[in-house]
Novice: 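Below you'll find the structure I mean.
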Amino acid sequence: MGLAGCAATARLDALPSGAGAVSFVHIDNARFDGDDGEALKQEIWQSLTREWPKLSNNLLALSGGQEDGAFGAGLLVGWSARGDRPAFKIVTGTSTGALAAPFAFLGSEYDWALKKIYTQTRPNDVIGGTRFLLSAVNNEALMDNGPLAHSIEKYLDERILDRIAQEYEKGRLLLISTTNLDTGKLAIWNIGAIAASGHPRRLELVRKVILASAAIPGLFPPVMIDVTLDQTKHQEMHVDGGTVSQVFLYPPSLRLGSILHREDADRPTAYIIRNGRSSPPPENVERRTLAIAGRAIETMIASNGVGDLYRIYTTTQRDGIDFSLALIGEDFKVPYAGPYDATYMAKLFAYGWRRGQAGYGWQKMPPGMAD
């Protein structure tokens, strides 16, 4: 009886395998599959036709990293203070990077939002009540994501969405990734197109996408997103984009160099901000099952994140795009006190700010490749 009472909520059927064109709130270009470069290529080509004024070819990718997102936010704000932060043709965000991406996309005038999110957020602004083990096993997650959803609603409103739409109409793209658990693939959401659609549910969809991108599987519940196929309603289950890729720039199948290399533009640069280190800090691991398993997962996540950097580096080198990487250095030694600790995040933001204001020395190769 207890197990039955804790059963997870039912859902609509997922899309059938090999489904054709689908619609999210009647917006055809709202989302791309992560392995489908052709559809995204067409969107970028179309962005060039409406590009006004002439834009730079710089790209910005913000990685996942939970509270370590304070590093990237601080770096961007410090870069603004230095006075030479460029505009970006395309901005991408994953997980905590998805929370920051809309404000990084809109430029320095929204640095106030980046600072507030990563220096004034408290644990109870992100994490809901922890469920009992039995309830968690038979439910969707260990914790409630209500506080995180409320925080997203607090910062992302109609006014911000209208500004994103204006930039989209100028030819700029804001892309946020989630993981579609039904297909096991990366989903890339075209936030500018959704914002510019004028659909009455556009804000609801964008908030859901950002919440899903930050929904760490097992910790937070997945986000169910409605989709229509042949007049039939379905649902997709979406979680943290970092489940597939902790940072993304564009699908390798998309040879972006052929689009961005124009006679009237400078050589494009891809700025990659990894909200984390190249490897987890050294730790004296106890000989206990949970300690060993936890450390192994932490190490695996860090290693996979570096693998994402190598994939991006290889792609940009092929396409003639400069690679510039920022990540938390070994000189940041503030101890990690626990999830979303306000003191840790504020100090990490300040660390990133100092590095950005001083002129960050961008790494031109992934970790382990440079001398």
Side-chain angles (χ1 to χ4, degrees), residues 3-4 6-36 39 64 66 92-99 101 126-128 130-131 135-153 156 175-191 194 199 201-246 248 251 297 301 304:
L3 290 173
C6 296
T9 306
R11 54 166 291 182
L12 297 179
D13 289 338
L15 287 170
S17 178
V22 296
S23 172
F24 296 89
V25 293
H26 307 291
I27 306 169
D28 293 334
N29 60 339
R31 191 198 73 185
F32 312 102
D33 290 331
D35 55 359
D36 183 9
Q66 295 178 256
T92 72
T94 300
S95 194
T96 190
L99 298 174
V126 180
I127 302 172
T130 303
R131 294 169 173 149
S135 174
V137 167
N138 292 280
N139 211 295
E140 298 177 300
L142 289 170
M143 297 182 180
D144 174 29
N145 63 356
L148 179 57
H150 179 72
S151 295
I152 293 171
E153 293 171 3
L156 188 67
L175 308 174
I176 286 176
S177 72
T178 63
T179 296
N180 183 340
L181 273 188
D182 294 318
T183 64
K185 293 182 178 181
L186 194 72
I188 300 175
W189 295 87
N190 192 359
I191 302 301
I194 299 171
H199 194 281
R201 292 177 56 197
R202 62 182 186 140
L203 181 59
E204 174 191 346
L205 178 57
V206 170
R207 285 172 170 171
K208 274 192 169 186
V209 168
I210 294 176
L211 180 63
S213 187
I216 303 168
L219 182 63
F220 291 127
V223 176
M224 307 306 299
I225 298 181
D226 296 334
V227 57
T228 302
L229 173 66
D230 298 329
Q231 306 303 315
T232 302
K233 291 184 178 180
H234 297 265
Q235 280 184 325
E236 293 182 343
M237 180 181 286
H238 288 263
V239 297
D240 192 335
T243 306
V244 171
S245 180
Q246 292 173 41
F248 79 100
I297 292 172
I301 291 173
N304 287 344

Novice: According to side-chain hydrogen bond (donor to acceptor under 3.5 Å, both in side chains), who are the partners of Thr92, at least two apart in sequence or on a separate chain?
Specialist: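 Scan of Thr92 (side-chain hydrogen bond (donor to acceptor under 3.5 Å, both in side chains), adjacent residues dropped) gives none.
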
Novice: Applying ring pair (Phe, Tyr, Trp, His ring centres under 6.0 Å), can you list everything that pairs with His150, at least two apart in sequence or on another chain?
Specialist: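 Scan of His150 (ring pair (Phe, Tyr, Trp, His ring centres under 6.0 Å), adjacent residues dropped) gives none.
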
Novice: Using the test side chain to side chain contact (heavy atoms under 4.5 Å, CB included), find all partners of Ala149 that sit at least two apart in sequence or belong to another chain.
Specialist: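 Partners of Ala149 by the side chain to side chain contact (heavy atoms under 4.5 Å, CB included) criterion, ordered by chain and then number, come out as Leu211.
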
Novice: Below 4.5 Å, heavy atoms only, C-beta onward: do Lys233 and Asp226 meet side chain to side chain?
Specialist: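 Not in contact.
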
Novice: Please report the interatomic distance CD1(Ile176) to CD1(Ile191), rounded to the nearest 0.5 Å.
Specialist: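 So the gap between those two atoms works out to 4.5 Å.
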
Novice: To the nearest 0.5 Å, what is the distance between CG on Leu99 and CG on Leu148?
Specialist: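 So the gap between those two atoms works out to 6.0 Å.
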
Novice: Within the structure provided, determine whether Asp240 and Thr179 are in side-chain contact (heavy-atom separation under 4.5 Å).
Specialist: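 In short, these two side chains do not touch, never coming nearer than 4.5 Å.
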
Novice: Only distances under 3.5 Å count here; give the side-chain donor-acceptor pairs of residues 214-225 to other protein atoms, sequence neighbours excluded, each with its distance to 0.1 Å.
Specialist:
none

Novice: Applying side-chain hydrogen bond (donor to acceptor under 3.5 Å, both in side chains), name anything that partners Arg31, two or more places apart in sequence or on another chain.
Specialist: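 Partners of Arg31 under the side-chain hydrogen bond (donor to acceptor under 3.5 Å, both in side chains) test: Glu236.
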
Novice: Provide the closest heavy-atom pair for Ser177 versus Thr94 in the form atom of the first, atom of the second, distance.
Specialist: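 Looking at all heavy atoms of both residues, the shortest contact is OG-OG1, 2.9 Å.
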
Novice: Test side-chain contact (heavy atoms from CB on, under 4.5 Å) on Asp13 and His234; report intermediate values, then the result.
Specialist: CA-CA 5 Å; Asp13 289 338; His234 297 265; 4.1 Å; yes

Novice: Identify the heavy atoms of Leu186 and Gly241 that sit nearest to each other, and give their distance.
Specialist: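 In terms of heavy atoms, the two residues are closest at CD1-O, 3.7 Å.
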
Novice: When rounded to the nearest 0.5 angstrom, what is the spacing between CE in Met237 and CG in Leu181?
Specialist: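 So the CE of Met237 and the CG of Leu181 are separated by 6.5 Å.
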
Novice: For a side-chain contact (heavy atoms from CB on, under 4.5 Å) check, start with the C-alpha distance between Ile194 and Asn190, then their side-chain angles and the critical distance, and finish with the verdict.
Specialist: CA-CA 7 Å; Ile194 299 171; Asn190 192 359; 5.5 Å; no

Novice: Salt bridge (Lys or Arg N to Asp or Glu O under 4.0 Å): which pairs involve residues 176-188, sequence neighbours left out?
Specialist: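 The answer is Arg11-Asp182, Asp35-Lys185.
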
Novice: What pairs of residues pass the side chain to side chain donor-acceptor pair (under 3.5 Å) test when at least one of them lies in residues 205-220, not counting sequence neighbours?
Specialist: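 Matches after skipping sequence neighbours: none remain.
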
Novice: Holding to salt bridge (Lys or Arg N to Asp or Glu O under 4.0 Å), I want the full list of residues that pass it with Glu153, two or more places apart in sequence or in another chain.
Specialist: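 For Glu153, no residue satisfies salt bridge (Lys or Arg N to Asp or Glu O under 4.0 Å) once neighbours in sequence are set aside.
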
Novice: Just jot down the side-chain hydrogen bond (donor to acceptor under 3.5 Å, both in side chains) partners of Thr178, sequence neighbours excluded, or say none.
Specialist: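 If we apply the side-chain hydrogen bond (donor to acceptor under 3.5 Å, both in side chains) test to Thr178, skipping adjacent residues, the hits are Trp189, His238.
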
Novice: Just verifying a value: how many Å separate Thr232 OG1 and Leu15 CG, rounded to the nearest 0.5 Å?
Specialist: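 Output value for this atom pair is 10.5 Å.
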
Novice: Could I get the full list of side-chain hydrogen bond (donor to acceptor under 3.5 Å, both in side chains) partners for Asn29, not counting sequence neighbours?
Specialist: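 With sequence neighbours excluded, Asn29 shows a side-chain hydrogen bond (donor to acceptor under 3.5 Å, both in side chains) to Glu43, Tyr168, given in chain and number order.
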
